[in-house]
Amino acid sequence: MTKERLRELLETNVHELFAIEIDEASPQELFQALANVVKQMYSEDWRQTRKNLLLEDQKQAYYFSIEFLPGKMLKSNLLNMQLFEQAEAVFEELGVSLDDVAETEKDMALGNGGLGRLASCFMDSLASLGLPGNGNGIRYRYGLFKQKFIDGHQVELPDDWLRSGNVWEVRKESKAVPIRFGGQVYLVTGEDGKLAPVYEGGFTWRAVPYDTAMVGYQNHHLNTLRLWSVEVPAEDEAHYATLESRQALENLTAVLYPDDSNETGKRTRLMQEYFFVSAGIQSIVRYYKKLNLPLAMMSERVAIHINDTHPALCVPELMRILVDEEGLAWEKAWSITVKVMSYTNHTIMAEALEKWPVRMIEEVLPRMDQIIKEIDRRFVETMQGVHPQALLERTRIIIDDQVHMAHLAIVGSHSVNGVAKLHSDLLKSVVLHDFYLIYPARFNNKTNGIAQRRWLQLANQPLAKVLDQSIGTSWRNDPLDLQLLKNYYEDETVLQQIADAKMSNKRALARYIQHTTGVTVDPTAIFDVQIKRLHAYKRQLLNLMHILKLYFEVKDDPTATFHPRVFIFGAKAAPSYHYAKSIIKVINEVANLINHDESINDKIKVVFLENYNVSLAEKIIPAADVSEQISLASKEASGTSNMKLMLNGAVTIATLDGANIEIRDAIGDENIAIFGLTEEEVYQYYAQRNYSAYAYYESDPVLQRVVNAFIDGTIPNIQVEGREIFDSLLKYNDEYFLLRDFHAYCDAQHRVDIAYQDTHRWQKISLMNIANAGKFSADETVRNYAADIWQIDPLFAHIKEPNAASLTESVPPLGNS
Ligand code: 26Q
C-alpha cells in the first residue's frame with residue numbers, strides 16, 4: 001500500500017462519511033475515516049482466516065473473560081497491517097500528526113486492571129502467532145468509571161465510550177441467542193426414558209454479539225473478539241413496552257463492576273456471568289455442530305478457557321447443553337466438559353475468591369443450580385473412600401450454602417494454572433493445596449507476559465528506533481532478540497542514545513503533567529512511577545511514607561544530597577473501597593503540601609495523575625526511570641506493569657513477589673533493587689502471630705515521625721483519612737507489614753539514588769533491563785498455553801512455508817472442497 005493510495009482511500013471515506021473535503025476534516029473525523037479504511041482493508045483477511053480454519057479442521061481456543069482492556073486500537077491495527085508509516089506520511093501532508101488523530105479514539109476500557117489487560121495482550125499474541133484463539137466477553141455500555149479528583153478526593157464519572165459509535169465492532173444480529181433466567185425447572189421422563197427439563201415461568205432475553213477483529217502482526221491472520229450485548233427478544237417486544245421493564249433488561253450489560261477484589265454477591269453480576277457464558281457456549285456448540293463431527297470429539301476442535309472464576313459457569317452450562325439439548329449421558333458429557341475446559345487463577349486474596357449463595361443461584365439460574373448440585377454430589381461420591389472425608393468437605397463445591405466458584409472451575413477443568421512461579425507454587429502449597437492432593441497433574445504455571453508490540457514498538461518509538469539502529473529489527477518479530485542489546489553494554493554511543501530516548505519521553509510526560517495538573521516537573525529529575533490499582537496490599541502507602549521521610553530530610557537539611565525526584569502515581573480505587581480512597585486523598589494532600597513548599601526547592605515533586613488507563617500508561621511507562629513493585633510478598637499474583645516498565649528501561653525496586661522474582665532471576669541482583677520480607681517470612685509471621693507494628697514504631701524515631709505525620713497536622717486537610725491510616729498501621733497492627741519493611745525500603749531507595757547519580761552505571765542497568773525483557777513477552781506465554789493447555793496449532797503450521805498471505809489465494813472457496 002503506497003502513501004498515495006492510502007490518501008485516496010482516506011479522501012473517499014471522508015467524502016462519503018462527512019461530505020466534506022479532507023483538509024476540512026477534524027482529527028476526530030480523520031480518525032473515523034482512517035479506521036474505516038483499515039476495516040475495509042482487513043475484512044478480506046478476516047473472512048479468509050475463518051474459512052481457512054474450517055478447511056484446515058483446526059482446533060480453536062475461546063478465552064472467556066468478564067473483562068477485556070484493549071485501549072485504543074488504531075495504531076496497533078496500522079502497525080500490524082504495515083500501514084503505520086504511510087499513515088504518518090499522509091497526515092504529515094495534511095498538517096496533522098498521527099498521534100493527534102489516534103488520540104481522539106476512545107479507550108475501550110471494559111476491564112478493571114491486570115486481568116483485563118492480560119486478556120487483551122493474549123488476544124494480540126494469539127493473532128500475531130497465527131493461532132486460532134477468540135475472545136468472549138461482555139459489551140458493557142459503560143466502561144470502567146472515569147476518575148476525577150475534586151479537592152483531592154476520587155470522584156467517579158460514567159465512561160460513555162459508545163456515544164459517538166465504535167468503528168471497530170460489527171453487530172451480528174443473525175448470531176443472537178436466547179438466554180433464560182428465573183422461573184422453575186422440573187425434570188420429567190420423556191418417551192425415550194431420559195430426564196428432560198421443563199421450564200415454568202422466568203424470562204428469556206436476547207444476547208446479540210458484536211465482533212471486533214483482532215489483527216495479527218503482519219501475518220494476515222485475524223481472530224475475533226466477540227462481546228455480547230443484551231436486547232429485547234424480537235418476538236417479545238410487547239412485554240417490554242414500559243420504560244421500567246426495558247430498564248431492567250438494559251441494566252444487565254450496562255456497567256462493568258468496578259471492584260477488582262471484593263466478592264459483592266450482586267444479583268446483576270451473577271446474571272452477567274451467566275449471560276456471556278451461556279451466549280458464548282451456545283455459539284461455540286452451534287459452530288461445532290456445523291462441522292458434523294460427533295460431540296465426543298469436541299475436545300479435538302474446541303478449548304474453552306475460564307479466565308479467573310467469573311466464567312466458571314462454563315462448566316455447568318456446557319453440561320446443560322450436552323445433556324439437556326443434545327441428549328448425552330451425564331458421564332459422556334462430563335468427560336467432554338473436563339477435556340474442553342481449563343482455568344486460570346489470578347489471586348490468592350481470600351476476599352476475591354468468588355462465592356455465590358445457593359439461594360440466589362436457585363432463584364436466578366434454576367437449571368444451573370440443579371446441575372451444580374449434581375456435579376457436587378458426584379464429586380463427593382467418586383472421591384469417597386479415595387480421599388479423607390475432611391478433605392472432601394473442604395473441596396466440595398457447595399459449602400455452607402455457598403457455591404465456591406473456584407472449586408467448580410477446578411473440578412470441571414483439566415488444567416489449573418497460576419500466573420507466576422511463586423503464585424503457582426502457593427496455589428499448590430497453600431491456597432488450593434487440598435485440590436493439589438486430589439488432582440496433582442492438573443496444576444501448572446504460566447507466567448504472565450505483555451504485548452511487546454504495544455508497550456515498546458508503539459508506545460516508545462524513540463527507543464524502538466535506537467534498537468533498530470543498534471541490534472537491527474529482528475526484535476520486532478522475536479522479542480528474545482532484545483538480548484542482542486547486551487553486545488552494547490560498554491558502547492557509549494548506544495548507551496547515550498537510550499538515555500536520550502528516555503529524556504525525550506520524560507519531556508513529553510513533563511508537558512502532559514504541566515498541562516493536566518499545572519505542576520512543573522524537571523525532566524532531569526528521577527521519574528519514579530507506581531501505576532496500578534489502589535490496594536492496601538500493593539502498598540502505595542509505603543511509597544508515600546518514603547516520600548515523607550525525604551521531605552523531612554530536606555526540611556531538616558536543605559543541602560540534602562539525593563538526586564531530585566518526581567514521584568508519579570496512577571491508580572483507581574474501587575468506588576466502595578473506602579480505605580483505598582482515603583489513601584488517594586492523603587497522597588493528593590501530600591502532593592499539595594510538597595509541591596507548594598518552596599523550601600523543598602524542587603528536590604521532590606509528587607504527581608497523582610487522574611484517570612489511569614491504558615492510554616495514560618502508554619504515556620507514563622516510556623518516561624519512567626524507577627518502577628515501584630512493592631506489594632507485600634505473596635500477595636501480588638504476578639503483576640504486569642513490572643514487565644512493561646522493565647521493557648522500557650526503568651529500574652525496578654521490588655519485593656520478592658509475583659513475577660518480580662522471575663525478573664530478578666532474568667537480570668541478576670545487580671540490576672534490580674530488592675528489599676523486604678520474603679514470602680516465607682510473611683507466612684512465618686502468620687504462623688507465629690508475633691508481628692507487632694507498634695514495636696517497630698516505638699523503636700524507630702524516623703518511622704515515628706513519618707507515621708505521626710498522618711495525625712499531627714503536618715499534612716493539611718486529612719483529619720479523617722489521616723486518622724484512618726494511622727489506626728490501620730498501629731491500632732489494627734499493619735496488616736501488610738509496612739512498618740516492618742519501611743527501613744529496608746528506604747535503604748533500597750537510597751541504593752537507587754546512588755546508582756542514578758552514577759550516570760554510566762545507571763545507563764548500563766537500564767540497558768540490561770531492556771535486553772532481558774523479551775522473556776516476558778505475551779507471545780511466549782501464549783505459546784505455552786497453546787502447547788500445554790489448549791493444544792492448538794498455528795494456522796498452516798503443518799505446511800513448510802508458513803506464509804498464510806500467499807496461501808490464501810490458492811484455497812478453494814468453502815463448499816467446493
Ligand atoms: C470478583 C467477584 C466479584 C466482583 C469482582 C471480582 C473481581 C474482579 C476482578 C476479582 C478480581 C478481579 C481482577 C483481578 C486482577 O486483575 N488480578 C490481577 O491479575 C493480573 C493478571 O494475571 C496479575 O498480574 C495481578 O497480580 C493480579 O492482581
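Indexing begins at 1, ligand by ligand and atom by atom, following the structure's order. Numbers here are sequence positions counted from 1.
Among H310, K446, E67, K635, the residue whose heavy atom lies nearest to atom 7 (C) of ligand 1 is H310. In this comparison of N642, D260, V419, N448, the heavy atom closest to atom 21 (C) of ligand 1 sits on N448. Across the listed options M405, E636, M643, E636 owns the non-hydrogen atom lying nearest to atom 26 (O) of ligand 1. Scanning L270, D308, L256, L115 for the heavy atom closest to atom 16 (O) of ligand 1 points to L115.
If you look at H346 next to ligand 1, the close heavy atoms, those under 4.0 Å, come from the backbone and the side chain alike. Here Y537 has side-chain heavy atoms under 4.0 Å from ligand 1, and that is the only part of it that gets that close.
Not a single donor-acceptor pair under 3.5 Å links the side chain of D369 to the backbone N or O of I361.
Using a 4.0 Å cut-off between a side-chain N of Lys or Arg and a carboxylate O of Asp or Glu, D734 and R740 do not qualify as a salt bridge. Between D160 and R141 there is a salt bridge, since at least one side-chain N of the basic residue sits less than 4.0 Å from a carboxylate O of the acidic one.
Relative to the ring axis of W455, K644 places its NZ or CZ within 45° and under 6.0 Å from the centre. Cation-pi geometry between K572 and F145 is satisfied (NZ or CZ under 6.0 Å from the ring centre, within 45° of the ring normal).
For the ligand labelled ligand 1, residue D259 lies inside the 4.0 Å heavy-atom shell.
Looking at ligand 1, you won't find any N or O of A352 less than 3.5 Å from one of its N or O atoms.
Residue-ligand proximity, A637 to ligand 1, at heavy-atom distances under 4.0 Å covers atoms 26 (O).
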